[in-house]
Q: 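This is the structure I want to talk about, given as structure tokens.
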Amino acid sequence: MNKSYIIYFQGVLKAIGHDAAAIHTPAYFMHTWNDFVTSCMGEYKGSIFDFDNGIILRTTIHEIMGDISLTAFPEFDNFCSHISITDQRFRLLVQDGRPGEFWWERALLLNAGQLYKEQVKLYYGFGY
């Protein structure tokens, strides 16, 4: 991968206040988002807190994708494409159901485990 792209990408991360800007690469965000979405397939065994960490990651990705200067790098197209494909998979696993600005922030899992369901009821006041 183009070293200039990675350095610029990490500069964008730093500018948006990402704590680990110096070590996270585009590949980290692509793989971590993909791994999170994969963990949501089947019955989700994690907590609402684990789920929200994935949602926070996606919001960070949104902030990265909002920096139009990254479009100067051809590698950024691949990044956006990968995120879009993973987003499509995630949309099939969720429904709109909680407060949030973006569709992924409003997401509730369709096939949630008991812990997640209990925490949704506790924190949002409604159940499945």
Side-chain angles (χ1 to χ4, degrees):
M1 188 167 287
N2 181 343
K3 189 167 178 78
S4 296
Y5 169 59
I6 292 173
I7 291 168
Y8 197 90
F9 187 95
Q10 290 171 330
V12 169
L13 287 175
K14 186 176 180 181
I16 64 173
H18 187 66
D19 293 337
I23 60 171
H24 287 161
T25 64
Y28 166 83
F29 286 95
M30 291 187 302
H31 295 303
T32 305
W33 178 234
N34 185 66
D35 290 349
F36 168 72
V37 171
T38 299
S39 78
C40 294
M41 298 173 80
E43 184 178 322
Y44 182 71
K45 302 290 187 192
S47 71
I48 191 80
F49 305 107
D50 298 327
F51 184 79
D52 283 347
N53 283 335
I55 299 306
I56 291 166
L57 174 78
R58 181 58 183 86
T59 301
T60 301
I61 291 168
H62 174 76
E63 292 174 7
I64 294 165
M65 291 172 73
D67 190 311
I68 60 168
S69 62
L70 283 166
T71 61
F73 296 92
E75 297 89 345
F76 190 61
D77 284 340
N78 181 53
F79 176 83
C80 292
S81 217
H82 186 87
I83 297 302
S84 178
I85 290 166
T86 306
D87 283 351
Q88 290 171 20
R89 288 180 37 234
F90 189 59
R91 284 180 187 265
L92 297 174
L93 305 173
V94 298
Q95 62 187 345
D96 224 29
R98 60 185 193 161
E101 180 178 353
F102 305 108
W103 66 266
W104 60 86
E105 292 175 337
R106 294 188 301 273
L108 283 175
L109 286 167
L110 293 170
N111 194 13
Q114 191 61 35
L115 175 63
Y116 180 90
K117 287 179 182 178
E118 289 170 1
Q119 290 174 331
V120 165
K121 184 171 178 128
L122 178 67
Y123 295 109
Y124 296 107
F126 56 86
Y128 282 74

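Computed from a prediction, not measured in an experiment: that's the story for all the values here. In what follows, every heavy atom counts, from backbone to side chain, and hydrogens, waters and symmetry copies are set aside.
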Q: Would a distance-only check, ignoring hydrogens and angles, find a side-chain to backbone donor-acceptor pair under 3.5 Å from Asp50 to Ser47?
A: yes

Q: Does the ring center of Phe90 lie less than 6.0 Å from the ring center of Phe36?
A: yes

Q: Step through it carefully: locate the ring centre of Phe79, locate the ring centre of Phe9, and say whether they are under 6.0 Å apart.
A: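 Between Phe79 and Phe9, the centre distance is under 6.0 Å.
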
Q: Could you pull out the closest heavy-atom pair between Thr60 and His18, with the gap in Å?
A: CG2-ND1, 4.0 Å

Q: Following the transitive rule for hydrophobic clusters with a side-chain heavy-atom cut-off under 4.5 Å over Ile, Leu, Val, Met, Phe, Trp and Tyr, establish whether Ile56 and Phe29 coincide in one cluster.
A: no

Q: For a 4.5 angstrom cut-off between non-hydrogen side-chain atoms, does Pro99 reach Tyr124?
A: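 Answer yes - side chains close enough.
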
Q: Looking at every non-hydrogen atom in both residues, tell me the closest pair between Tyr28 and Thr32 and how far apart they are.
A: O-OG1, 2.7 Å

Q: Report whether Met30 and Ile16 are members of the same hydrophobic cluster (ILVMFWY, side-chain heavy atoms less than 4.5 Å apart, transitive linking).
A: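 Hydrophobic grouping puts Met30 with Ile16.
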
Q: Check whether any side-chain N or O of Gln10 sits under 3.5 Å from a backbone N or O of His24 as a donor-acceptor pair, and report yes or no.
A: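 Indeed, once roles are kept as given, a pair shorter than 3.5 Å links the two residues.
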
Q: Are the charged groups of Arg58 and Asp87 less than 4.0 angstrom apart, N to O?
A: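 So Arg58 pairs with Asp87 through a salt bridge.
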
Q: Which distance, rounded to the nearest 0.5 Å, do you find between the CD of Glu101 and the NE2 of His62?
A: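 Rounded to the nearest 0.5 Å, the CD-NE2 separation comes to 6.5 Å.
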
Q: Which heavy atom in Glu43 sits nearest to a heavy atom in Gly113, and how many Å separate them?
A: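 Of all heavy-atom pairs spanning Glu43 and Gly113, the closest is OE2-CA, 3.4 Å.
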
Q: Within a 6.0 Å radius of atom CG on Asp96, are there more than 12 heavy atoms belonging to other residues, nucleotides or ligands?
A: yes

Q: When you group the ILVMFWY residues by side-chain heavy-atom contacts below 4.5 Å and let the links chain together, are Ile64 and Ile85 in the same group?
A: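 Shared cluster, no.
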
Q: Judged by atom type as modelled, is there a donor-acceptor pair below 3.5 Å linking the side chain of Tyr44 to the main-chain atoms of Phe51?
A: yes

Q: Is the ring pair His82/His31 parallel, tilted or perpendicular, if the boundaries are 30 and 60 degrees?
A: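 Perpendicular.
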
Q: For Tyr5 and Pro26, which heavy atoms make the closest approach, and how far apart are they?
A: CE2-CG, 3.4 Å

Q: With rounding to the nearest 0.5 Å, note down the distance linking CZ in Phe76 to CG in Asn2.
A: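 Phe76 atom CZ to Asn2 atom CG measures 14.0 Å (nearest 0.5 Å).
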
Q: Please report the interatomic distance CD(Glu63) to CG(Leu13), rounded to the nearest 0.5 Å.
A: 9.5 Å

Q: Tell me whether the count of non-hydrogen atoms from other residues, nucleotides or ligands lying under 6.0 Å of CD1 in Ile68 goes above 12.
A: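 Open.
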
Q: Which heavy-atom pair separates Leu110 from Leu92 by the least distance, and what is that distance?
A: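 Taking every non-hydrogen atom into account, CD1-O, 3.6 Å.
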
Q: Please report the interatomic distance CD1(Ile6) to OH(Tyr8), rounded to the nearest 0.5 Å.
A: 15.0 Å

Q: Hey, is the main chain of Leu108 close enough, under 3.5 Å, to the side chain of Gln95 for a donor-acceptor pair?
A: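 Not a single qualifying donor-acceptor pair exists.
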
Q: Kindly determine whether Asn111 and Leu93 satisfy side chain to side chain contact (heavy atoms under 4.5 Å, CB included), including the steps that lead there.
A: CA-CA 7 Å; Asn111 194 13; Leu93 305 173; over 6 Å; no

Q: Roughly how far, to the nearest 0.5 Å, is the CG atom of Leu70 from the CG atom of Asp77?
A: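 CG of Leu70 is found 11.0 Å from CG of Asp77.
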
Q: Any side-chain heavy-atom pair from Leu115 and Lys45 closer than 4.5 angstrom?
A: no

Q: Just so I know, are the side chains of Asp52 and Gln119 near enough to count as touching, which here means a heavy-atom distance under 4.5 Å?
A: no

Q: Please find the pair of heavy atoms, one from Ala112 and one from Tyr116, that lie closest to each other, and give the distance.
A: CB-CD2, 3.1 Å

Q: Is there a donor-acceptor pair closer than 3.5 Å between any side-chain N or O of Thr38 and the backbone N or O of Asn34?
A: yes

Q: Is the Phe49-Tyr123 ring centre distance short of 6.0 angstrom?
A: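 Yes - the distance between ring centres of Phe49 and Tyr123 falls below the 6.0 Å cut-off.
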
Q: May I ask whether Ile23 and Leu57 are part of the same hydrophobic cluster, defined by side-chain heavy atoms of I, L, V, M, F, W, Y residues being less than 4.5 angstrom apart, directly or through others?
A: no

Q: Rounded at 0.5 Å granularity, tell me how far CD1 in Ile83 sits from CG in Asn78.
A: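 Answer rounded to 0.5 Å: 10.0 Å.
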
